[in-house]
Amino acid sequence: MSDSNRAAGDMVPGDGRWWRIGRVAGAALLIVVLLALPLYLPGEWLKVGTWMMTGAVGALGLTLLTGQAGQLSLAHGFFLLVGAVSYAVLSGPAGDPTYIGFGLPPVVGLLGAVLISGLAGAAFAPVSGRLRGIYLGVASLALVFLGFWLGRALPAVAGSTSSGRLPQPFSIFGLSVDVSRQLSSLSVFGVPLGRDERTWYLYLLLTAIAYLLAQGAVSGRPGRAWRAVRDNETAATVLGVSVVRVKAGVFAISSAYAGLAGVMTAWWTGIMKPDESEVAGSYGVTVSIAFLAMIVVGGLGSLPGAVLGAALVFGLPVALPLLTQSASADIGSGTAFSPIVITNFAYGALIVLIILFEPSGMAGLGRRLLGPARART
Amino acid sequence: MLSVRQVSVRYGRSVRALQDVTFEVPDGQIVAVLGSNGAGKSTLLRAISGTLRLHRGALTGGQVVHDGTRIDRMDPAAIVRRGVVQVPEGRQIFTRMTVEENLRAGGLVTPAKRRAAARDRVFALFPQLAERAKQSGAVLSGGEQQMLAIGRALMCEPRVLLLDEPSLGLAPQLVSRIAGIITEINDGGTAVVLVEQNATMALRVAHRAVALEVGELRLSGTADELARSDDVQRLYLGGHAESEAEAAAAAEHRPRRPRLRVWSG
């Protein structure tokens with residue numbers, strides 16, 4: 001099998017028993033580590049982790065669309081906004097004089113936001129079902145500008161650009177995420193679970209669900225239809241695949257993923273407000289491109305690659321200043337050659353190096369490293 | 001029974017590809033469609049499989065009827081679900097997928113419980129594909145790719161199989177292998193519409209045949225009748241002594257075209 005094929009995330013069953021055992025053991029170890037991390041890491045590092053997971057959820061959706069189905073979207077930022085605003089409105093307090101809210105429980109707001117984002121993606125079907133590749137990418141870019149304009153035009157829904165509105169913190173069965181460490185009645189091994197720890201576990205759960213659903217789709221019928229459409233539309237058509245429906249469907253699914261990432265973004269930033277520029281901000285073109293960078297760096301179509309790409313693209317810019325915090329504290333000027341600028345350069349160079357030397361991304365790198373071990377089994 | 005009734009097709013506004021083509025494919029029979037390049041053979045298959053739009057073509061008249069139901073306005077996917085399945089020209093296999101994944105993609109419309117049986121039948125028909133199940137489609141030879149394309153279509157459990165030039169670019173012994181496979185598929189009860197430039201092979205395996213010329217139906221009948229027809233002999237089977245002599249005589253009597261003085265010296 002060619003490298004590009006593997007990069008496409010086609011499910012290849014394990015070659016031997018030891019390989020399978022190793023995979024299960026590795027996954028179990030990863031779960032234990034991820035569950036134990038909040039007991040050891042300080043809050044600011046947990047925030048780096050939850051930001052990575054936010055990126056991972058969005059990147060999973062985009063890698064299904066771009067890597068598996070061969071469609072390009074630059075509208076991921078727009079669907080992040082749709083998800084975040086939908087959640088803020090659905091779960092926002094009903095009697096608020098400034099902002100529209102329905103006062104629904106956060107879990108309903110969360111599911112509703114994902115659903116609305118998916119439906120917004122489905123509403124784009126006349127375009128997403130008919131266009132291909134770069135053409136769809138450019139057409140979808142229009143949505144980012146639409147979102148930017150709508151956000152500013154409807155402050156009662158999206159929050160005003162100056163103050164913004166507060167997204168309801170997540171809670172279920174009386175158990176809230178928004179509890180300070182000092183007041184927390186929950187503890188594990190003597191470590192009280194405060195806001196950061198609880199957010200970590202919530203994000204971990206959401207990311208795991210998003211990952212498993214994506215994996216099920218990729219290895220099942222939807223994934224086969226996506227790859228058939230990606231590889232050869234004519235052949236897919238004569239095999240009974242409705243190309244328009246498949247393309248529109250995967251766009252809607254990808255939008256739903258972006259919607260979930262949008263809700264996670266609103267929680268993470270702690271405020272819901274539209275961007276002040278169409279380029280920079282939480283829901284603009286830059287964010288859409290950052291998601292593309294994640295899936296390219298991770299390896300197009302690969303789910304673990306999308307997660308690793310998110311860890312790099314979303315994680316490094318937040319994590320590196322923490323490492324150089326003491327040195328950067330006194331930097332005021334934006335043009336100074338500060339440690340933050342240096343870390344940004346290093347991060348940019350790392351992305352260029354990965355793409356240059358391993359075009360199939362971190363997924364390709366992983367296969368190269370694990371390949372010999374796998375061949376021995 | 002598949003009926004093509006007075007079908008006319010255009011590509012864009014100006015290119016007329018088919019004009020009033022009518023013929024029938026009885027259940028369980030092989031019908032060969034003969035014709036030279038540009039005669040409209042592939043267009044005819046696209047009109048049946050509903051894939052004209054992929055090539056910017058449109059049905060401008062006539063009907064395609066399968067078992068009493070008009071299928072010419074159906075979505076191509078719905079036509080496949082009815083059991084009318086095309087193997088497009090140029091094989092068009094998924095080269096980024098393995099042989100097995102190609103076959104799985106072929107079985108997307110087949111109910112899950114019947115898929116394994118369909119794959120076993122394909123592997124029984126094409127043992128090479130079973131041996132190369134884990135290999136990428138891109139590394140297969142031309143003949144194997146054609147087998148994979150046919151096998152992938154068989155995963156849809158077709159009742160009518162539309163084959164577009166399956167012998168194109170294959171060595172003579174592979175062509176007779178493909179001919180044997182078509183007969184074998186037909187023995188299982190699948191009707192076949194076989195578009196071919198290799199008229200010798202097509203007329204050997206077919207029950208009936210039609211010949212297209214510049215988008216119009218010129219001849220139709222049983223394969224034996226067409227094989228004996230002088231027109232078919234001359235046009236598609238390489239001609240024979242009499243017709244060649246006639247052609248030479250006709251050339252003799254052709255009026256000479258005026259030549260420019262500069263050439264005639």
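FYI, side chains are in, hydrogens and waters are out, and symmetry mates aren't considered; it's all heavy atoms of this structure. Every value quoted in this text rests on a predicted model; they were computed, and no experiment measured them.
- Each of B/Val139, B/Val84, B/Thr51, B/Leu108 has some count of heavy-atom pairs under 4.5 Å with chain A, and the biggest count is that of B/Leu108.
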Under 3.5 Å, which donor-acceptor pairs do the side chains of residues 179-186 of chain B form with other protein atoms, sequence neighbours left out?
unit_1	atom_1	unit_2	atom_2	d
B/Thr183	OG1	B/Ala179	O	2.9
B/Asn186	ND2	B/Gly28	O	3.0
B/Asn186	ND2	B/Thr190	O	2.9

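- With respect to chain A, the highest number of heavy-atom pairs below 4.5 Å among B/Val80, B/Ile79, B/Ile93, B/Val87 belongs to B/Val80.
- Using a 4.5 Å cut-off between heavy atoms, B/Leu54 touches chain A through its side chain atoms alone.
- Of the listed residues (A/Val244, A/Thr234, A/Asp231), the one with the most heavy-atom contacts under 4.5 Å to chain B is A/Asp231.
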Check: residues 114-121 of chain B side-chain donor-acceptor pairs under 3.5 Å, at least two apart:
unit_1	atom_1	unit_2	atom_2	d
B/Arg114	NE	B/Glu157	OE1	2.9
B/Arg114	NE	B/Glu157	OE2	3.3
B/Arg114	NH2	B/Glu157	OE1	2.8
B/Arg115	NE	B/Gly107	O	3.3
B/Arg115	NE	B/Thr110	O	3.4
B/Arg119	NH1	B/Glu100	OE2	3.4
B/Arg121	NH2	B/Glu157	OE2	3.4

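- Tested against B/Leu163, the residues B/Ile150, B/Val195, B/Val85 include a single side chain to side chain contact (heavy atoms under 4.5 Å, CB included) partner, B/Ile150.
- For chain A, the nearby parts of B/Arg152 are the backbone and the side chain; heavy atoms of each come within less than 4.5 Å.
- Side-chain contact of A/Gln68 with A/Thr63: a donor-acceptor pair under 3.5 Å is absent, judged by distance alone.
- Screening A/Thr66, A/Val229, A/Leu65 against A/Gln71 for a side chain to side chain contact (heavy atoms under 4.5 Å, CB included) leaves a single residue, A/Leu65.
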